[in-house]
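Since the structure comes first, as structure tokens, the remarks are kept for the end.
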Amino acid sequence: MSDAFTTRVLHIASGSRERVVDLTGECESFLRDVAAGRDGLLNLFVPHATAGIAIIETGAGSDDDLLAALHTLLPADDRWQHRHGSPGHGRDHVLPAFVPPHATLPVLDGRPALGTWQSVCLVDTNKDNPDRQVRLSFLGGL
């Protein structure tokens, strides 16, 4: 594989509760290893039908606010047609329509070009699947 495109898979233990997991540090570490100060694009992809990637502020309550908003929009009750798993699990399968399973970020000089308060996060409302993968891919200039 050329230096222009590199991929790494993160294994995330998201636990048995709804979570927003900050991946910014893992993204920065990956880019330190592979970008070598170059510009390019960082793509994140979650190969799961019940999780997504969000770019949000963390640590000031926005991550909890996001989960609360998702719980309001997508209540964990018996209204869902998709009914296997724990009660309300069908809403977890609707989550990627609101929080997509992918994000692409510009990379400048080997670092993600995020705003001051932006973080890259895994959003996981599925309490039935505590083990997640996130694929990081860097496409850089030569």
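Taken to the nearest 0.5 Å, the SG atom of Cys121 stands 7.5 Å off from the CD1 atom of Ile55. The line from OG of Ser29 to CG of Leu23 is 12.0 Å long, rounded to the nearest 0.5 Å. Expressed to the nearest 0.5 Å, how far OG1 of Thr58 lies from CG of Leu66 amounts to 11.5 Å.
Across all their heavy atoms, Pro96 and Ala51 have their closest contact at CG-O, 3.9 Å. Between Gly110 and Ala35, the shortest heavy-atom distance links the atoms CA-CB, 3.8 Å.
A 4.5 Å side-chain heavy-atom check between Leu70 and Val123 finds at least one atom pair inside the cut-off. Between Thr50 and His89, the closest side-chain pair of non-hydrogen atoms falls below 4.5 Å. Looking at Thr7 and Leu136, their side chains never come closer than 4.5 Å, going by heavy atoms from C-beta outward. Between Phe138 and Leu41 there is no side-chain heavy-atom pair separated by less than 4.5 Å.
Asp77 is linked by a side chain to side chain contact (heavy atoms under 4.5 Å, CB included) to Pro75, Arg79, Trp80, counting only residues two or more places apart in sequence or in another chain. For Ser16, the side chain to side chain contact (heavy atoms under 4.5 Å, CB included) criterion is met by no residue, not counting sequence neighbours. Taking the side-chain hydrogen bond (donor to acceptor under 3.5 Å, both in side chains) definition, one finds that Thr125 meets it with Asp92, sequence neighbours left out. With sequence neighbours excluded, the residues satisfying side chain to side chain contact (heavy atoms under 4.5 Å, CB included) with Glu57 are Ala60, Ser62, Trp117. With sequence neighbours left out, His84 forms a side-chain hydrogen bond (donor to acceptor under 3.5 Å, both in side chains) with His82. In this view, Leu139 and Phe5 satisfy the side chain to side chain contact (heavy atoms under 4.5 Å, CB included) rule, not counting sequence neighbours.
Legend: salt bridge (charged side-chain N to carboxylate O under 4.0 Å, His left out) pairs involving residues 118-131, not counting sequence neighbours, sorted by first then second residue: Asp124-Arg132. Counting only residues at least two apart or in different chains, ring-ring contact (aromatic ring centres under 6.0 Å, His included) contacts with residues 12-53 are absent. Residues in residues 60-73 take part in no salt bridge (charged side-chain N to carboxylate O under 4.0 Å, His left out) pair, two or more places apart or across chains. For residues 8-25, the salt bridge (charged side-chain N to carboxylate O under 4.0 Å, His left out) pairs, not counting sequence neighbours, are Arg8-Asp33, Glu18-Arg91. Judged as a salt bridge (charged side-chain N to carboxylate O under 4.0 Å, His left out), not a single pair has a partner in residues 93-102 (not counting sequence neighbours). Residue pairs meeting the side-chain hydrogen bond (donor to acceptor under 3.5 Å, both in side chains) criterion with at least one partner in residues 100-114, sequence neighbours excluded, are Asn43-Thr104.
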* Apply the test side-chain contact (heavy atoms from CB on, under 4.5 Å) to residues Val134 and Val9: give CA-CA distance (whole Å), side-chain angles for both, the deciding distance (0.1 Å), then the verdict. => CA-CA 6 Å; Val134 178; Val9 176; over 6 Å; no
* Working for side-chain contact (heavy atoms from CB on, under 4.5 Å), residues Leu44 and Leu10 -> CA-CA 10 Å; Leu44 294 91; Leu10 302 176; over 6 Å; no
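For the pairing with Leu105, the side-chain contact (heavy atoms from CB on, under 4.5 Å) check across Leu31, Leu114, Ile53 returns one residue only, Leu114.
Linking ILVMFWY residues whenever their side-chain heavy atoms come closer than 4.5 Å, directly or via other members, places Val46 and Val21 in the same cluster. Using a 4.5 Å cut-off between side-chain heavy atoms of Ile, Leu, Val, Met, Phe, Trp and Tyr, with links allowed through other members, Leu42 and Ile56 fall into different hydrophobic clusters.
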